Amino acid sequence: MAIISSHQAGITHQELKEAIPESLLSRNIHLHWIDKSRSGNGVYTLTAKIEIDGQILLLSSKTDDKALIDNWEVHDPTFHTNSLLIALERILTDPANEDILISL
């Protein structure tokens, strides 16, 4: 049975499980953190540190989605958008990262 866990505040266990691609749900996955950093010209780099079956990965993706960045610090459970979760989904579905994840 796979174990899916997280130290990242603002993402529930169920949300994390739903964000993980179906092909990885049989693996042991631990989300250490998700962060953003400004790359310039309104572009941000989204980065996630994820452990899959004991292998640590730093995965990233670029975005210019201002709404995602503006709502980054909103941790209200009644708020309709959880930017951390959306960022994780974008990181995991980035074509370059999908290739890495498929190769595991």
Side-chain angles (χ1 to χ4, degrees):
M1 182 175 172
I3 299 170
I4 298 175
S5 61
S6 174
H7 281 123
Q8 178 68 60
I11 297 178
T12 68
H13 173 77
Q14 186 59 36
E15 288 172 330
L16 178 59
K17 190 173 178 180
E18 290 172 7
I20 301 295
E22 195 171 306
S23 61
L24 295 175
L25 289 176
S26 64
R27 309 282 187 114
N28 292 326
I29 298 174
H30 179 74
L31 174 63
H32 289 272
W33 48 260
I34 302 169
D35 201 5
K36 65 173 174 39
S37 60
R38 189 176 193 110
S39 299
N41 295 332
V43 176
Y44 284 79
T45 299
L46 307 172
T47 306
K49 180 179 178 183
I50 300 176
E51 186 174 345
I52 301 176
D53 288 340
Q55 188 172 8
I56 302 279
L57 301 172
L58 284 177
L59 302 174
S60 63
S61 182
K62 302 254 186 226
T63 188
D64 61 359
D65 184 342
K66 185 159 174 40
L68 176 72
I69 301 305
D70 288 347
N71 295 325
W72 192 265
E73 299 299 327
V74 176
H75 297 294
D76 179 352
T78 63
F79 190 63
H80 74 282
T81 301
N82 183 331
S83 290
L84 297 173
L85 187 60
I86 292 169
L88 177 62
E89 289 173 342
R90 289 190 184 175
I91 291 166
L92 293 176
T93 59
D94 185 290
N97 295 332
E98 282 184 323
D99 290 343
I100 292 168
L101 296 170
I102 289 170
S103 71
L104 293 177

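Everything quoted here is computed from the prediction, not taken from an experiment.
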Does some side-chain heavy atom of [Y] sit less than 4.5 Å from a side-chain heavy atom of [X]?
X: Leu16; Y: Leu88; result: yes
X: Ile20; Y: Arg27; result: no
X: Glu89; Y: Glu18; result: no
X: Leu25; Y: Ile4; result: yes
X: Asp65; Y: Ile86; result: no

Output the distance between atom [atom1] ([X]) and atom [atom2] ([Y]), rounded to the nearest 0.5 Å.
X: Glu15; Y: Leu31; atom1: CD; atom2: CG; result: 12.0 Å
X: Leu24; Y: Ile29; atom1: CG; atom2: CD1; result: 5.0 Å
X: Lys17; Y: Ser5; atom1: NZ; atom2: OG; result: 13.0 Å
X: Arg90; Y: Leu46; atom1: CZ; atom2: CG; result: 7.5 Å
X: Leu59; Y: Ile52; atom1: CG; atom2: CD1; result: 7.0 Å

Report task. Would you please classify the geometry between the His30 ring and the His7 ring as parallel, tilted or perpendicular, with 30° and 60° separating the classes? Result -> perpendicular

Query raised in the report: For atom NE2 of His13, is the number of surrounding heavy atoms from other residues, nucleotides or ligands below 6.0 Å larger than 12?
Result: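 Buried by this count: over 12 neighbours within 6.0 Å.
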
Report task. Is it possible for you to say whether Leu101 and Trp33 belong to one hydrophobic cluster, with membership spreading through side-chain heavy-atom contacts below 4.5 Å? Result ->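 As far as the 4.5 Å side-chain criterion goes, Trp33 and Leu101 are not connected within one cluster.
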
Counting N and O atoms only, with roles assigned by atom type, does the side chain of [X] sit under 3.5 Å from a partner on the main chain of [Y], one being a donor and the other an acceptor?
X: Ser83; Y: Leu68; value: yes
X: Asp94; Y: Ala96; value: yes
X: Asp64; Y: Gly42; value: no
X: Asp53; Y: Asn28; value: yes

Query raised in the report: For the side chain to side chain donor-acceptor pair (under 3.5 Å) test, which of Arg38, Lys36, Lys62 pairs with Tyr44?
Result: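 That would be Arg38; it is the only one of Arg38, Lys36, Lys62 passing the side chain to side chain donor-acceptor pair (under 3.5 Å) with Tyr44.
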
Query - Steps toward side-chain hydrogen bond (donor to acceptor under 3.5 Å, both in side chains) verdict (Thr45, Ser39) - result: CA-CA 6 Å; Thr45 299; Ser39 299; 2.6 Å; yes

Which atom names give the shortest non-hydrogen contact between [X] and [Y], and what distance separates them?
X: Lys49; Y: Leu58; answer: CB-CD2, 3.6 Å
X: Ser60; Y: Ile91; answer: N-CG2, 4.2 Å
X: Ile34; Y: Trp72; answer: CG2-CH2, 3.8 Å

